[in-house]
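Structure, as structure tokens:
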Amino acid sequence: MRAPARAIAAAALLLLSAGAAQALEAGAAKVEITPPLGTPLNGYFDRLGRGALSVHDPVWVRCVYLHDGETGVFLLTADLCIINRELRDRVIELAPDVVPKENIILTATHTHSAQGGMVKSMLFRSVSGRFMPEVLELTAQRFAEAMQLAYDARKRGAIGYGVANQEVLSRNRRVPGGPYDSQIGVVRVDDSDGNAIAILANFAAHPTSVPLDGPDALAVSADYCGFYYNAIEEMASPGCVAMFMNGAEGNQTCANPEDLSGWARVESIGRLLAVRVKEVANSITCGDATLHVGYATPELPLTLSSSILPSSTVLHTLEINDLLMTFVPGEPCVEIGLELRRRALAAGYGIQMTVGLSDDHLMYFVPRSLYHTLAYESGMTFYGPGIEDWFYREFSRLSTKGAPEAERQGPENPTVEHSGGAARLVAQGSPYAIGYARGAAFKETLRGRFEERIVARCRDGELIPESGLWKAAPSFMDLTPLALPRLGIGARPLLTGLAPGPFAELEGVADGAGMPFDAVWLLQCEPVFAARGSLEERYRSAFCTMFAVVGEKAGAEDILVGRNLDWPDEEPPVILEARPDGGHSFVQVGFEWNVGAFTGMNDAGVTVCVERVLGLGDPSIECPPVEMILRTILEQAGTLEDALTLLASYPLRGYSVLLASPEGARVVELGRERTIREPQDDLLLGVVPESAHADDEARTRYARIGALLAEERIVAADEATAFLRDSDLSAPEKGRVYNNHTRHSVVFEPTARALHVTFDAAAEPIRVTVKAGAGS
Amino acid sequence: MSDALRTYAGPKKKFSRRRAGPVRPAGLGRALRNAALVMLLVLVAYVWWTTRDTHAVNALIPQGQQYALVASDILQDRGAIAESRVWNALPEQFRPTGLTAALGNELGLPEWVLNNLVPGAAYAVGNDLKSFSDVLLVTKMSRIGTLLERLHVFSGDVAADPAGGLELRDIAGGKAYYAVRGRVLLISPSREALVRALTLRPEDALDGEQFAALAEQGGAEQLRGRVNFGPDDPLGDVLENLRFALRIEPDRVQVDCRAGLSTEWRARCEPLLRNLSPRALKAPVDGMAVAAMDFGMPVKEFWLGIGNVTEWPLMSEEQWSAWEQPAAAGGSPSVAAVLTSLLGPLGPGVRLTWRGVDQNEIFPMPELVLTADVTPERLAALESIPPPPPEAMPWDPYPRYDAENGFLHVPMMAGPSLEPTAFADGSVLMLSTSRIVAEALSTEREADMPLDEKGNLFVRVYPEPCVETLVEAARQLVEIDALRGHDAASFADASSRWLEQASAVRAVSLLAGYEREEVQARLSLECAPVQ
């Protein structure tokens with residue numbers, strides 16, 4: 001008897017509480033925030049911080065208040081370019097104390113024609129204009145007023161949402177026909193009588209349609225959003241507040257479906273958007289809702305702009321039943337928005353809307369696939385190529401559906417053995433894990449080299465351009481904080497064509513070493529830049545010796561490859577045995593900081609060596625550094641043919657590359673024209689002594705090693721090692737096979753998958769065999 | 001001696017009552033007393049004889065020395081000088097800690113010598129203007145001081161240096177030497193200079209007239225002097241000679257100078273100095289640093305004159321001509337052309353003021369004001385600036401005349417602190433780099449007041465607000481790690497030191513003029529009031 005009674009009571013309580021939770025209260029309000037004339041307009045550097053001269057249309061902050069009985073939230077959208085920290089902080093201070101501060105979500109429409117003047121940092125004032133504390137205060141007060149008005153106007157409400165497709169209103173501004181977001185998201189908030197209190201639209205396109213070629217370039221305007229508001233509010237019931245939330249608009253812009261110009265075009269976009277939104281709104285059935293606000297202030301990935309940009313930010317999600325709204329603190333490119341949506345839908349949400357420009361402004365976010373481009377969006381992305389994963393992971397943690405994503409992990413304490421004068425690291429797993437192991441194992445070297453080769457030279461002015469604004473800067477300014485990010489961005493095009501494996505490995509190195517990705521990449525690219533620029537002298541001494549003997553001359557081995565790597569700097573040597581998932585295992589002989597492979601062999605016996613040949617021209621910057629490509633070959637090539645094909649797919653120049661496998665050996669001379677040489681009389685030299693590309697020292701070196709090899713009928717590993725140690729004292733320093741710059745000597749036995757490595761001419765070679773990995 | 005007199009001066013009756021035993025015969029006491037009296041007289045005679053003033057000071061000062069300094073009453077003032085707050089107002093590296101320590105009696109001289117120098121003038125002469133290694137100090141001691149000096153044997157710091165009969169004294173193992181002739185004390189770090197002074201032939205020493213000129217007190221100064229510069233001396237390429245008078249007070253220091261320019265610099269400055277004499281200067285607009293100048297010529301001539309002195313290409317005739325390029329037919333003149341045509345004829349009276357820095361402009365922007373005398377014709381020209389071409393945007397950098405407010409302004413970039421604005425105020429033209437400042441001055445400014453004294457150049461700097469302003473601007477660079485040589489912590493340390501240093505000084509001012517082929521200048525430093 002008592003059990004059923006308890007069950008009935010519990011059920012009644014549940015129903016009552018459920019009823020209370022779903023008794024949605026809603027209110028909306030808008031307050032004008034049009035600034036005084038003379039206030040700088042934010043968005044375009046070209047305006048040079050000039051003040052507004054007129055008002056084309058007013059700008060507003062619009063607010064909707066929602067409370068489901070348990071969770072209350074203020075969602076504000078403002079006709080501003082960005083929500084900067086000073087504004088957010090002040091708004092939070094002034095906000096009415098009716099919802100938790102964490103439940104206040106601020107977004108900007110991104111109009112480029114509303115007030116700036118609210119950013120204090122001198123660096124950003126070049127775009128946002130002079131700092132005007134009074135404008136900041138006035139704007140923040142209007143935000144607070146809008147919240148109070150929306151709260152005061154609260155009434156029993158209902159809510160619904162839907163989406164529509166569009167194909168003509170927006171486009172990819174960087175790639176013709178490139179990806180764009182066809183979704184228009186709509187949220188409708190009604191009162192209990194079914195009258196719309198607010199209609200929120202989510203649409204991804206830059207509000208940069210205001211004509212800039214006339215006096216209205218300095219006019220205040222909400223851009224197309226202003227026309228959208230007017231059209232919606234005309235069509236909807238009186239008192240309805242039209243709101244606009246921009247989407248993943250990083251590379252999205254307005255199209256021009258009616259082929260208009262000037263303000264007519266601006267009006268056209270706003271009107272057409274409103275029509276589409278109203279269609280959706282009319283089809284939405286509103287009802288009760290359960291709200292969930294996700295809030296976090298996570299640490300951001302490391303950046304080279306650490307003295308300019310913050311190390312943490314604000315993230316919000318807002319769930320209304322099965323609608324997930326994801327608020328991004330900056331300008332994500334559409335690829336990131338679409339991926340966020342795909343993941344949300346896969347996790348069980350019915351609709352997902354990405355809202356950019358929310359709560360903070362960390363500039364742009366491009367996906368990894370666009371990181372190498374020199375487009376504006378990539379050049380304004382400062383938190384590394386992994387930022388998209390960071391968003392996916394952090395938002396998954398804030399969402400109630402789906403499993404939170406785990407952080408990428410690498411081995412915390414990789415084991416490094418020391419033998420034969422070199423560190424020996426065995427790393428396996430994903431390329432990321434392999435890179436992480438290297439980064440963690442050699443973090444001191446990596447950080448030290450970066451400080452020494454990049455940061456210190458920036459501080460000395462060596463890496464600061466001597467032109468333009470750089471030159472105009474007064475001498476008391478240290479331009480390093482500005483130069484480092486620019487150098488990092490300048491190196492990104494060298495990522496073009498880099499295979500996913502090495503790319504992931506680089507990301508792993510950066511994370512393992514606790515360095516920004518751009519810092520690790522700059523370090524990898526420094527020799528290329530140095531060889532092309534004023535640092536040529538420093539790297540001029542990067543010369544090598546390499547050869548292959550095949551056929552009968554190689555005796556039982558069929559093929560033998562020898563090489564000395566000559567390198568200008570003393571570097572801690574490393575033998576890395578990598579066993580990447582999904583690729584060939586390989587052994588790479590090199591340096592702690594260098595992810596690429598100057599010298600290596602994989603478990604298919606594919607062997608790579610490279611030598612810089614000045615006569616073949618400057619190294620290319622249209623593709624990754626040669627050693628990164630050789631690293632890709634080691635991971636991917638199963639045959640000599642594969643290796644040659646892969647090498648041919650990159651516009652490399654300035655090197656001679658020796659590729660070998662049990663099937664044979666080739667030297668590819670990467671000059672203005674490519675030449676592939678095969679062995680002659682069972683012998684193949686990295687550089688032909690008679691070659692026009694070779695300098696005198698290379699001729700001496702190769703003539704000597706050629707003569708030594710020619711004297712022997714059969715060359716075995718021991719002889720090859722001895723030849724590599726030859727130091728003809730009558731030759732000039734750089735003309736000696738083994739010289740003061742020789743950092744390692746390696747003899748490869750591709751058939752046996754074995755390497756004989758020495759770092760010291762007096763030491764016994766270390767024999768290393770390449771063990772087959774899971775992916776081989 | 002006086003103790004002995006008192007001891008034997010008691011009444012006989014008392015004496016006899018106190019003492020028991022046999023009474024000394026009265027004859028013996030009298031004899032002793034007489035002997036003592038004789039000894040005393042001999043001693044007095046000896047003192048009188050040995051401390052008589054036998055040498056004239058001028059006879060021991062060589063003629064033709066490159067510099068000669070006179071300290072009026074340095075011993076009497078030395079405590080006050082040493083304790084003056086002006087020393088703390090100087091940057092640490094410029095504080096003459098050695099001098100102030102010396103004035104606080106750490107000269108290395110025996111205290112008794114120092115205490116008994118005649119409280120009068122002291123003279124310093126020499127030829128080495130780089131290290132003052134041959135400076136010769138000459139002064140007079142009191143009779144007692146002279147006597148006490150003879151007791152030098154009791155001082156461990158002083159050793160006798162016979163010097164072939166010149167009887168020098170060696171202080172602290174050769175750090176300095178001194179000698180006494182009559183009541184005249186001569187001290188020098190150079191034994192050679194001291195020996196030379198002691199062996200001067202009369203014709204090589206200052207004569208009475210020269211000495212009187214040297215000794216003449218000009219005012220309330222504590223130190224005065226003259227320097228004749230050789231071409232290799234510091235400042236020798238610029239100056240031929242310099243006379244100065246220095247007055248140090250508890251919270252103020254003032255130097256009055258007269259300097260003759262070298263032949264080369266007279267030639268270089270000729271365009272500026274031709275027919276120049278001190279003129280009535282007007283006070284500049286208030287600011288952290290101000291300057292008023294009147295060289296009797298318009299701005300253009302003054303600019304080029306400075307260019308002639310400094311040889312800066314920016315101040316050359318060629319550069320000015322380039323700026324002056326007239327507008328193309330139908331076009332508007334360039335900003336540079338407007339500024340040169342506007343500023344060139346201004347003057348002769350020109351004032352400059354640094355009001356501060358707009359820290360909020362897109363980059364920290366100094367706020368400068370130029371005020372200049374101007375003829376009515378030039379003022380009228382303000383209004384006749386041609387309008388911008390019709391296609392010009394409102395923000396294009398054409399000079400524009402705002403008839404309603406009477407402002408001539410040039411929109412540049414950024415906000416109002418980068419908008420040069422000029423307006424006329426009576427017979428004065430005011431030009432500011434900032435529209436905000438110009439607007440404020442157009443309503444707030446008081447009439448130009450004349451300065452108290454005539455001159456050609458007046459400069460006054462209030463260091464504390466200057467440093468505060470610069471620190472605030474630098475802090476913005478520190479926030480983005482872009483101030484060379486400083487991070488946040490080191491800047492906080494350094495800036496607090498700078499601010500503390502600057503807060504010790506209320507103002508530094510200079511009034512200079514050119515008259516009778518001499519530059520006359522008065523430089524003063526005022527300490528901030530004690531909080």
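Quick caveat: nothing in here was measured; it's all calculated off a predicted structure. So that the names make sense, note that chain A is the first sequence line, chain B the second, and so on, each numbered from 1.
- At least one donor-acceptor pair under 3.5 Å links the side chain of B:Arg484 to the backbone N or O of A:Ser475.
- Contact detail for A:Ala217 and B:Trp395: the closest heavy-atom pair is CB-CH2, 3.7 Å.
- Around the CG atom of A:Leu469, the shell of radius 6.0 Å holds no more than 12 heavy atoms that belong to other residues, nucleotides or ligands.
- Side chains of A:Arg130 and B:Gln359: no donor on one and acceptor on the other come within 3.5 Å.
- The part of A:Pro133 that comes within reach of chain B is its side chain, from C-beta onward, which places non-hydrogen atoms under 4.5 angstrom from that chain.
- Rounding to the nearest 0.5 angstrom, the gap separating the CG atom in A:Asp213 from the CE atom in B:Met393 is 7.0 Å.
- Under the rule for a ring pair (Phe, Tyr, Trp, His ring centres under 6.0 Å), B:Trp354 has no partner lying at least two apart in sequence or in another chain.
- More than 12 heavy-atom neighbours from other residues, nucleotides or ligands sit within 6.0 angstrom of CD on A:Glu93.
- With rounding to the nearest 0.5 angstrom, the CZ atom of A:Arg50 is 10.5 Å from the CG atom of B:Leu418.
- Contact tally against chain B (heavy-atom pairs below 4.5 Å) for A:Thr480, A:Leu53, A:Leu479, A:Leu218: the top residue is A:Leu218.
- Separating the CD1 atom in A:Ile308 from the CG atom in B:Asp481 is a distance of 9.0 Å, to the nearest 0.5 Å.
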*Apply the test side chain to side chain contact (heavy atoms under 4.5 Å, CB included) to residues A:Met477 and B:Leu477: give CA-CA distance (whole Å), side-chain angles for both, the deciding distance (0.1 Å), then the verdict.*
CA-CA 8 Å; A:Met477 270 189 79; B:Leu477 289 176; 3.8 Å; yes
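- Side-chain contact between B:Ile480 and A:Pro481: absent, with no pair of heavy atoms (C-beta onward) separated by less than 4.5 Å.
- At a threshold of 4.5 Å between non-hydrogen side-chain atoms, the residues B:Glu479 and A:Ser121 do not count as touching.
- Looking at B:Met412, only its backbone comes within 4.5 Å of chain A, counting heavy atoms on both sides.
- Counting heavy-atom pairs under 4.5 Å between each of A:Pro40, A:Gly214, A:Gly51 and chain B puts A:Gly214 at the top.
- Proximity to chain A is absent for every atom of B:Pro411, based on heavy atoms less than 4.5 angstrom apart.
- Applying the 6.0 Å contact sphere to CG of A:Asp89 captures more than 12 heavy atoms from other residues, nucleotides or ligands.
- Of the two parts of A:Asp46, neither the backbone nor the side chain holds a non-hydrogen atom closer than 4.5 Å to a non-hydrogen atom of chain B.
- Heavy-atom minimum distance, B:Pro364 versus A:Met122: CD-SD, 3.2 Å.
- Taking NE2 of B:His486 as the start and CZ of A:Phe476 as the end, the distance is 12.0 Å to the nearest 0.5 Å.
- Note on residues 393-422 of chain B: pairs passing salt bridge (charged side-chain N to carboxylate O under 4.0 Å, His left out), not counting sequence neighbours, are B:Glu419-B:Arg435.
- Chain A forms more heavy-atom pairs under 4.5 Å with one residue of B:Gly485, B:Pro416, B:Gly415, B:Pro394 than with any other, namely B:Pro416.
- In this structure, B:Glu500 places its CD atom where only 12 or fewer heavy-atom neighbours from other residues, nucleotides or ligands lie under 6.0 Å away.
- Highest contact tally toward chain B, considering only A:Lys120, A:Arg459, A:Arg125, is held by A:Arg125 [criterion: heavy-atom pairs under 4.5 Å].
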